[in-house]
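Here is the naming used below: chain letters follow the sequence lines, and residue numbers restart at 1 for every chain.
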Protein chains: 2
Amino acid sequence: MRTDLRIIKTKEALHTALLDLLNEKDLQMVSISELCRKAKINRGTFYLHYGQVEDVFGEYFKEITEDLTQSYQEPYRYVTVLKTSELNPSTIRIFHHIDKYQPFYRIVFSKKVPLTYYYLLFDKVKQLLLEDNQSLETEGVNLELFSAYQANAIIGMIIDWYQHDFSYSVSYLNQQLVTFLNLK
Amino acid sequence: MRTDLRIIKTKEALHTALLDLLNEKDLQMVSISELCRKAKINRGTFYLHYGQVEDVFGEYFKEITEDLTQSYQEPYRYVTVLKTSELNPSTIRIFHHIDKYQPFYRIVFSKKVPLTYYYLLFDKVKQLLLEDNQSLETEGVNLELFSAYQANAIIGMIIDWYQHDFSYSVSYLNQQLVTFLNLK
DNA sequence: ATTTTTATTGTACAGTTGTTCAATAAAAAT
DNA sequence: ATTTTTATTGAACAACTGTACAATAAAAAT
């Protein structure tokens with residue numbers, strides 16, 4: 001049983017209306033009424049699918065994080081000078097993904113936005129690293145905890161990147177990450 | 001020139017009223033009107049100092065993060081079995097701090113709450129590690145980026161801890177962290 | 001102690017929020 | 001093609017939001 005066509009139409013209308021409004025104003029400034037007017041959707045219908053405007057963005061952003069898993073399949077050709085052998089196959093693609101969807105991540109990392117988006121990214125990155133780490137099989141290491149540690153470390157670099165207005169290049173970040181891993 | 005006594009009184013009333021309400025319901029469920037009624041403060045007065053209920057919690061939480069710097073001065077006596085020599089003097093106190101203020105951090109890490117609180121913690125931990133790292137003086141290492149990396153790695157463990165309902169002990173986490181640092 | 005400054009209060013207003021319900025329209029199932 | 005199921009609509013309601021402004025009260029400055 002597929003999803004009702006009307007639901008798909010409603011959600012698409014809300015998604016595009018929100019993207020439109022985000023060019024004018026911040027996410028927290030978009031009211032449900034305003035969004036529904038723009039999407040030509042009854043406000044009551046909105047509440048049948050969402051609770052807040054933030055949920056609409058969350059649904060859209062979730063699709064974006066899928067790209068992380070997607071691009072994980074393809075070969076990575078964006079690293080130039082450094083020895084990539086020292087990085088996990090998944091980690092190396094992360095900075096590129098963020099760069100690709102930079103306008104979205106400017107929202108995801110803005111301070112008034114709910115933590116949900118952060119967790120969507122965190123859980124995704126953690127999952128990728130967890131798969132890479134399965135081969136480790138080390139004694140006394142809580143693998144999930146370790147993956148959480150690694151995943152968030154990388155996101156820490158992304159936060160610093162964001163706080164510096166995304167002014168570093170992707171390859172600089174990959175280089176720095178290799179350096180950090182060799183420091184210990 | 002000190003702060004006006006009336007302002008202090010107003011803010012204290014709002015702080016304690018909010019803590020009261022947080023025993024009954026989630027932060028996102030507290031309305032400004034409700035909070036003001038409880039605090040016996042005019043709603044207009046609220047808007048002279050804050051924009052949202054979340055700002056009141058943020059102000060209170062900021063005081064809590066000060067404890068991280070505070071306890072940094074005192075000797076640490078909560079580690080039992082492991083060689084603490086492998087951990088920075090500041091890192092070793094972080095898990096204990098979270099544990100101490102666990103009820104607050106259950107809110108800070110809840111998914112509907114704004115990222116602001118996360119950044120308050122992140123910036124604090126990053127600052128502490130940055131001070132520890134000044135002695136490094138390593139070539140080609142972006143020290144701020146490295147501190148962001150380290151700080152968020154630890155917070156990654158805290159997220160996993162939170163997601164497992166804070167069921168690990170503080171010393172277990174310190175032990176795991178030492179293990180992680182020796183893995184590389 | 002008096003004046004000046006500034007925070008708080010009360011009131012009001014238009015718009016938003018969250019919910020309910022019957023009527024309608026559109027899609028799915030037969 | 002017809003029936004059945006389900007999503008959308010529109011209207012209505014009480015409560016909340018954000019803002020403005022004059023009146024008052026409290027603190028600070030003199």
Side-chain angles (χ1 to χ4, degrees), chain A residues 1-60 62-63 107 110-116, chain B residues 1-60 62-63 107 110-116:
Chain A
M1 191 182 68
R2 286 288 315 129
T3 321
D4 197 306
L5 289 175
R6 290 167 293 184
I7 296 179
I8 296 174
K9 201 200 72 184
T10 296
K11 293 197 163 191
E12 275 180 357
L14 287 169
H15 285 176
T16 58
L18 181 57
L19 291 189
D20 245 46
L21 287 168
L22 287 177
N23 290 322
E24 295 170 29
K25 52 175 77 178
D26 284 351
L27 184 57
Q28 328 78 273
M29 288 293 116
V30 178
S31 75
I32 293 173
S33 301
E34 186 181 19
L35 178 62
C36 291
R37 275 194 298 271
K38 190 118 191 171
K40 300 218 173 75
I41 292 295
N42 190 278
R43 197 165 56 87
T45 308
F46 175 92
Y47 286 107
L48 292 171
H49 301 290
Y50 308 97
Q52 307 164 262
V53 173
E54 282 83 356
D55 297 338
V56 182
F57 181 84
E59 193 173 48
Y60 199 91
K62 190 164 190 171
E63 292 174 22
I107 294 171
S110 64
K111 61 181 196 298
K112 296 224 174 180
V113 122
L115 255 187
T116 330
Chain B
M1 190 183 64
R2 286 286 318 127
T3 322
D4 197 305
L5 287 177
R6 290 167 292 183
I7 296 179
I8 296 173
K9 202 200 72 183
T10 296
K11 292 196 165 191
E12 275 179 356
L14 286 169
H15 286 175
T16 57
L18 181 57
L19 291 188
D20 245 44
L21 287 168
L22 287 177
N23 291 321
E24 295 170 29
K25 52 176 77 179
D26 285 351
L27 183 58
Q28 327 82 271
M29 289 291 116
V30 178
S31 74
I32 293 173
S33 301
E34 186 181 19
L35 178 62
C36 292
R37 276 194 300 270
K38 189 116 190 172
K40 299 217 174 75
I41 292 294
N42 190 279
R43 197 164 57 86
T45 308
F46 176 92
Y47 286 106
L48 291 172
H49 301 291
Y50 308 97
Q52 307 162 263
V53 173
E54 281 83 356
D55 297 339
V56 181
F57 181 84
E59 192 173 49
Y60 198 91
K62 190 164 188 169
E63 292 174 20
I107 295 172
S110 63
K111 61 181 194 297
K112 296 225 176 180
V113 123
L115 255 186
T116 330

Cut-off 3.5 Å, no hydrogens considered: what does the side-chain donor-acceptor table look like for residues 5-16 of chain A, sequence neighbours left out?
{"unit_1": "A:Arg6", "atom_1": "NE", "unit_2": "A:Asp4", "atom_2": "OD1", "d": "3.1"}
{"unit_1": "A:Arg6", "atom_1": "NH2", "unit_2": "A:Asp4", "atom_2": "OD2", "d": "2.8"}
{"unit_1": "A:Thr10", "atom_1": "OG1", "unit_2": "A:Arg6", "atom_2": "O", "d": "2.9"}
{"unit_1": "A:Lys11", "atom_1": "NZ", "unit_2": "A:Glu59", "atom_2": "OE2", "d": "2.8"}
{"unit_1": "A:His15", "atom_1": "NE2", "unit_2": "A:Glu59", "atom_2": "OE1", "d": "2.8"}
{"unit_1": "A:Thr16", "atom_1": "OG1", "unit_2": "A:Glu12", "atom_2": "O", "d": "3.2"}
{"unit_1": "A:Thr16", "atom_1": "OG1", "unit_2": "A:Ala13", "atom_2": "O", "d": "3.2"}

Whole Å only: how far is the OH atom of B:Tyr50 from the P atom of D:dT19?
17 Å

How large an angle, rounded to 10°, do the end axes of the helix from C:dA1-D:dT30 to C:dT30-D:dA1 enclose when each is built from five base pairs?
40°

How close or far is atom P of D:dG10 from atom CZ of A:Phe46, stated in whole angstroms?
17 Å

Is the phosphate of D:dA7, meaning OP1 or OP2, less than 4.0 Å from a side-chain N or O of A:Thr45?
no

Positions of residues 9-24 of chain A (non-hydrogen atom under 4.0 Å from DNA chain D), listed by number
A:Thr10

Do any side-chain nitrogens or oxygens of A:Asn42 fall under 4.0 Å of OP1 or OP2 in D:dG10?
yes

What string of B, S and - do you get for nucleotides 20-25 of chain D 5' to 3' if you count protein non-hydrogen atoms under 4.0 Å?
-----B

Name every donor-acceptor pair, under 3.5 Å, that has one atom in a side chain of residues 24-38 of chain B and the other anywhere in the protein, sequence neighbours excluded.
{"unit_1": "B:Lys25", "atom_1": "NZ", "unit_2": "B:Glu34", "atom_2": "OE2", "d": "2.7"}
{"unit_1": "B:Ser31", "atom_1": "OG", "unit_2": "B:Glu34", "atom_2": "N", "d": "3.1"}
{"unit_1": "B:Glu34", "atom_1": "OE1", "unit_2": "B:Ser31", "atom_2": "N", "d": "3.2"}

Across all chains, not counting sequence neighbours, the side-chain contact (heavy atoms from CB on, under 4.5 Å) partners of A:Asn42 are A:Thr45

Applying ring-ring contact (aromatic ring centres under 6.0 Å, His included), which residue pairs with at least one partner in residues 16-49 of chain A are found, sequence neighbours left out?
A:Phe46-A:Tyr50

Whole angstrom value for the distance that separates P of D:dT17 from CZ of B:Arg43
7 Å

Of the candidate nucleotides D:dT17, C:dT9, C:dA27, which contains the atom at the shortest distance from the side chain of A:Asp4?
C:dA27

Applying salt bridge (Lys or Arg N to Asp or Glu O under 4.0 Å), which residue pairs with at least one partner in residues 43-55 of chain A are found, sequence neighbours left out?
none

Can you find a heavy atom in the side chain of A:Leu22 that is under 4.5 Å from one in the side chain of A:Phe57?
yes

Contacting residues from residues 51-60 of chain B, given that a heavy atom lies under 4.0 angstrom of DNA chain C
none

Closest to the A:Leu5 side chain, choosing from D:dT17, D:dA27, C:dA28:
C:dA28

Can you pull out the residues from residues 29-41 of chain A that lie within a 4.0 Å heavy-atom distance of DNA chain C?
A:Ser31, A:Ile32, A:Ser33, A:Arg37

Side chain of B:Tyr47 only, heavy atoms from C-beta on: which candidate in C:dT17, D:dT9, D:dT17 is closest?
D:dT17

Hey, does the side chain of A:His49 come within less than 4.0 Å of D:dA7's phosphate (OP1/OP2), counting only N and O?
no

